[in-house]
Amino acid sequence: MSNFAKPENALKRAEELINVGQKQDALQSLHDLITSKRYRAWQKPLERIMFKYVELCVDLRKGRFAKDGLIQYRIICQQVNVSSLEEVIKHFMHLSTEKAEQARTQAQALEEALDVDDLEADKRPEDLMLSYVSGEKGKDRSDREVVTPWFKFLWETYRTVLEILRNNSKLEALYAMTAHRAFQFCKQYKRTTEFRRLCEIIRNHLANLNKYRDQRDRPDLSAPESLQLYLDTRFEQLKIATELELWQEAFRSVEDIHGLMCMVKKTPKASLMVVYYAKLTEIFWISASHLNHAYAWLKLFTLQKSFNKNLSQKDLQLIASSVVLAALSVAPYDQTRAASHLEFENEKERNLRMANLIGFNLEPKLDRGDVLSRSSLLSELVSKGVLSCATQEVKDLYHLLEHEFLPLNLALKMQPLLAKISKVGGKLSSASSVPEVQLSQYVPALEKLGTLRLLQQVSQVYQTLKIECLSSMIPFYDFSVVEKIYVDAVKHNFIAMKVDHMKGVMLFGNLGLESDGLRDHLTNLAESLNEGRAMMYPPLKGASKLGEILPTLADTVDKEHKRLLARKSIIEKRKEEQERQLLEMEREEESRRLKLQKITEEAEQKRLASEYEQRKNQRILKEIEERELEEAQALLQEARSRKKGKKPLLEGEKVTKQSLMELALSEQLRERQEMEKKLLKLARTMDYLERAKREESAPLIEAAYQQRLVEERVLHEHNQQLEVELSQQRHEGDLKEKNRLARMLENKMSFQERVLHRRQSEYDRRTAEREEQISQMIQARKHEREAKRKKIFYVRSEEERLRKLHEEEEAHKREEAERKRKEEAERRAKLDEIAEKQRQRERELEEKERLRKEALLGRPAELPRPAEPRPVEPAVAAPAAAAAAAAAPAPGKYVPRFRRGGTEPAAQTPPDLDRRASRPDDRPPPSSDRWRSDERRPPTFGGSKSSWSSSRVPSRGSER
């Protein structure tokens, strides 16, 4: 790759290569410059380079190079100067279009030259064989070789530009313009395959726009300008699809427009909606969906009547007639009556989609499918006054088909009306979106409807009718066609009739007799007989339970049916999931294969590029040597001509460019020196001549000067005399004018005073008004400031009151918490005190029990050892002291001995034991029983159980 210090050098190098006929090398050098990381900042020379680059790409038909270069240039100038990219792309498309037009003008037979199904397909094998076998190419093949490549390149240009400009908010207008030009290309040259691909490309661009919402320069569809551009593109796509008669693509375009509107939740303008419904009428008529066609006509009529102020009465009458005839053309029976459940669900879903498209509902309604019917449509036409706007023939036909009962001459009365209706139609002058309306297209459907109505009315009157008589009553069709019509009607349960070809008669029946209840009369009879037999001959107890199962069989069948439907939906979902996974795997495999193929192609391209670069360098060196040899020969010829036939010094030696250049330089130096000598000699000669001329001309110049002075003095005096005379004449004229105008002076002064007085009064009035206005504004602003200050004072005072109230609540909460904490501490201190008393009392009881046992066993009584004082924490000492003081017996109050604690000495115990031992019976003393009962019974203090339970819980002081 060549490295250039400035981009201008690359441009000069490319121009040099173009001048010597090496356009491919020039294109490669510019491509290397554009794709280089060195020039990633936008500069003005890069724009000129891109212009030259796209010109070379168009000349050489290198679409791949053009795409790579434009993508790199978009990266360079996306955030700096996007208008430069726009100019380059416009220039690129202009060149491609111009080249294609030139090729088209060169071709003699355009239709034969463009007879190619696919512009992206390569040559077929049979074409290659024919081109090699035939020695002389025909004109068609030559045209194909001239025109088709340029149209391929133009199509590739449109695709490249759309790919580069997709999802770019700064170039939305250029994207829309490119799409419109591509549509016109497909329309002009009848390129249906390319049109389908173009629609798919634009559809994928919109899908990617919705899928990747975090892009940097993503267009905002909620903006009115962007939405209008996208809508214009879709409507242009819809128009071209209908003109090319690609009805499937036209319907998909309608769905694209509806999806775009559902996406942004906005309804387009009335002019676009008219185009929308006009194209829908054509699509539904081609698809034989007469009901949807009639509803689309109704929407179109409503829009034209509401928004088209220039609509004439004649055009309105023609559109209303089309609406009524389209509604009458709908079949009078439901075609999904005998369909299966799955077909019915599919038809219901399809009707819902069509209803959303026709009604243009941004939020789909589930009950819309039930509204679309022929009866509701006809009632809506009558209620909205559409029938009253139609022509008289259409009104008569409507009443004849829907309200009259004429079984014998219905078709005969219809025939003249249809003949008149078929002649009505033409172009609409005041409705540009509906170019032409022809009522004759509804005549076949109306004839079929008339035949059905006649058969329906005849079946209500006759039971048997001859075929010849029926054929004479229906002049529209032969009997074979009538037979197909009535078979379809019988299939959909519209009429009940049969044909006996042997007798040549038609048998009409009653639909009531063909109902499901009477059709299954044999089944009902069999069930009744079975019930009677079961009553007469009851089955045994051990018989089969089929009779018990039969009543619930219907519920079981329904449940099983629902289960099968659910299983079917699950299987379909699994199949769809499996297909989706297979598609994902195929896409991944395809992407891996493409990546590997791309790597292989890149390696091959690099190898080919290196070989090509080597060959190019060798060729350039050889060309340089040849050019130097030619220049040396030219210099040799020039040297021979300057020597005037003399033999050059280096004639016999080897002539080189360097030697000839040195010889030419020395010769030029010698000639220059000789020329300088000649010029010096000539200068001396000219100097002498000039001096001599000036010496001779000096006295002549002086004499001419004196003569000129005399002539100018005379001329000055004459001019001054003329000026004095003219001044006197002007003064006399001014005096006369003054005398003439003097009589108007008083009028002028009075007028001047009136004008000044009026202006002064106007000025005073406006000054007073302005001061009054200023004072009012000052008062208003003063009141406003006063109100604002009061409002601020009120807000601040309210905030201060709320703050104080909050602080008081916080202080009250803190005081309440402190009080609760103190109460909890006091309660715990009381509990610790009670527990300490309980432990002291237990120790006393244990000591007494021990002394009693020793007295019973005859052991000497030992003085009890004083209990070792335990350290009491200060927090517990005070409550314990208070509890001891409270537990001390009051004076004069009896306290039992076991409750006296340590107040009595231990020496008093032996007499008590003696008294217990001297009792005559062996029963234990009452005190021991009392003690045992006290041991069995938990002691209570103050008659409260809670005190006992609390005494069992070790206090914090005892744990420590």
Can you tell me if H293 uses its side chain to pair, donor with acceptor, with the backbone of T281 under 3.5 Å?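 Yes: the side chain of H293 pairs with the backbone of T281.
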
Short side-chain to backbone donor-acceptor contact, S306 and L303, under 3.5 Å: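 Looks like no, no N/O pair under 3.5 Å.
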
Electrostatic pair [X]-[Y], nearest N-O below 4.0 angstrom:
X: E255; Y: R252; answer: no
X: E579; Y: K575; answer: no
X: E577; Y: R580; answer: yes
X: E55; Y: K99; answer: no
X: R203; Y: E200; answer: yes

Scan residues 227-247 for pairs that pass salt bridge (charged side-chain N to carboxylate O under 4.0 Å, His left out), counting only residues two or more places apart or in two chains.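 Sorted result for residues 227-247: K187-E243.
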
Might you point out which heavy atoms bring L316 and F301 nearest each other, and give the distance in Å?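 Closest pair (atom of L316, atom of F301, distance): CD1-CE1, 3.3 Å.
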
Identify the two heavy atoms, one from S422 and one from S440, that lie closest to each other, and give their separation to 0.1 Å.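 Answer, listing the atom of S422 first, then S440: O-CB, 3.5 Å.
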
Assess whether atom [atom1] of [X] is packed by more than 12 heavy atoms of other residues, nucleotides or ligands within 6.0 Å.
X: E163; atom1: CD; result: yes
X: R592; atom1: CZ; result: yes
X: Q578; atom1: CD; result: no
X: R574; atom1: CZ; result: no

Report the C-alpha distance between W285 and Y442 in whole Å, list the side-chain angles of each, state the deciding distance to 0.1 Å, and finish with yes or no for ring pair (Phe, Tyr, Trp, His ring centres under 6.0 Å). CA-CA 10 Å; W285 182 257; Y442 300 108; 5.1 Å; yes

Anything under 3.5 Å between a donor and an acceptor, one on a side chain of residues 69-77, the other on a protein residue two or more places apart or in another chain? List them.
residue : atom : partner : partner atom : Å
Y73     : OH   : W42     : NE1          : 2.9
Y73     : OH   : S84     : OG           : 2.4
R74     : NH1  : I164    : O            : 2.7

Between the side chains of T242 and E282, is a donor N or O closer than 3.5 angstrom to an acceptor N or O?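 Judged by distance alone, the side chains do not pair up.
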
How far apart are the C-alpha atoms of H180 and Y175, what are their side-chain angles, what is the distance that settles it, and do they pass the ring pair (Phe, Tyr, Trp, His ring centres under 6.0 Å) test? CA-CA 9 Å; H180 284 228; Y175 179 84; 10.0 Å; no

Do Q441 and L325 come close enough that some side-chain heavy atom pair is under 4.5 Å?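 They are not in contact (no side-chain heavy atoms under 4.5 Å apart), so the answer is no.
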
Stepwise, does the side chain to side chain donor-acceptor pair (under 3.5 Å) test hold for S226 with E172? CA-CA 7 Å; S226 302; E172 290 177 334; 2.7 Å; yes

For E249, what residues pass the side-chain hydrogen bond (donor to acceptor under 3.5 Å, both in side chains) criterion, not counting sequence neighbours?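 Scan of E249 (side-chain hydrogen bond (donor to acceptor under 3.5 Å, both in side chains), adjacent residues dropped) gives none.
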
